[in-house]
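Step one of this worksheet: look at the structure below.
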Amino acid sequence: MKPWTATVSLLLAAAVAMAAAVAAGEGGAANYLVFVDPPPSGVVCTAYQLSILAAALGSEEKAKGAIIYNYKNVVSGFSARLTPSELEAVKKQPQVNRVLPSATLSLMSSNFDGIS
């Protein structure tokens, strides 16, 4: 493992923890990454993910309004803007594996001392 990999992992974990604390303290809606089981063979990924969110929120219209982005190449999941009660409903869906608060990370320096 490269020496900077551990540092990047630690910074990412800290950013996720801070995002969780902010989201919990607001009491309103926040953005979350929802990781789900891959869709069954022959099922369109975005429709499958929308159906999971619709089941949790009670309607397809609410799900379409909440979903921000679908992930289908490296992981199966989506990002969505959810209230605390909606978040709990999503977590109860059997296809949901993990839910994490979304975090935006910024590069603070472009100087990596020759590390590429």
> Which residue pairs satisfy the salt bridge (Lys or Arg N to Asp or Glu O under 4.0 Å) criterion with at least one member in residues 91-106, sequence neighbours excluded?
Replying inline: E88-K91
Using the test side-chain contact (heavy atoms from CB on, under 4.5 Å), find all partners of [X] that sit at least two apart in sequence or belong to another chain.
X   : value
A55 : Q93
E86 : L57, L82, T83
Y71 : L33, Y69, V75, S79

Search all heavy atoms of [X] against all heavy atoms of [Y] and return the closest pair with its distance.
X   : Y   : answer
I52 : V96 : CG2-CG2, 4.0 Å
D37 : P94 : OD2-O, 4.1 Å
A63 : L50 : CB-CD1, 3.6 Å
G28 : P84 : O-CD, 3.5 Å
C45 : P39 : CA-CG, 4.0 Å

> Quick one: salt bridge (Lys or Arg N to Asp or Glu O under 4.0 Å) partners of K64, sequence neighbours excluded?
Replying inline: E60
> Quick one: side-chain hydrogen bond (donor to acceptor under 3.5 Å, both in side chains) pairs with a partner in residues 39-53, sequence neighbours left out?
Replying inline: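 The answer is Q49-N70.
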>> Within the structure provided, determine whether Y32 and P101 are in side-chain contact (heavy-atom separation under 4.5 Å).
In response: yes
> How far does CG of N31 sit from CD1 of I68, to the nearest 0.5 angstrom?
Replying inline: 3.5 Å
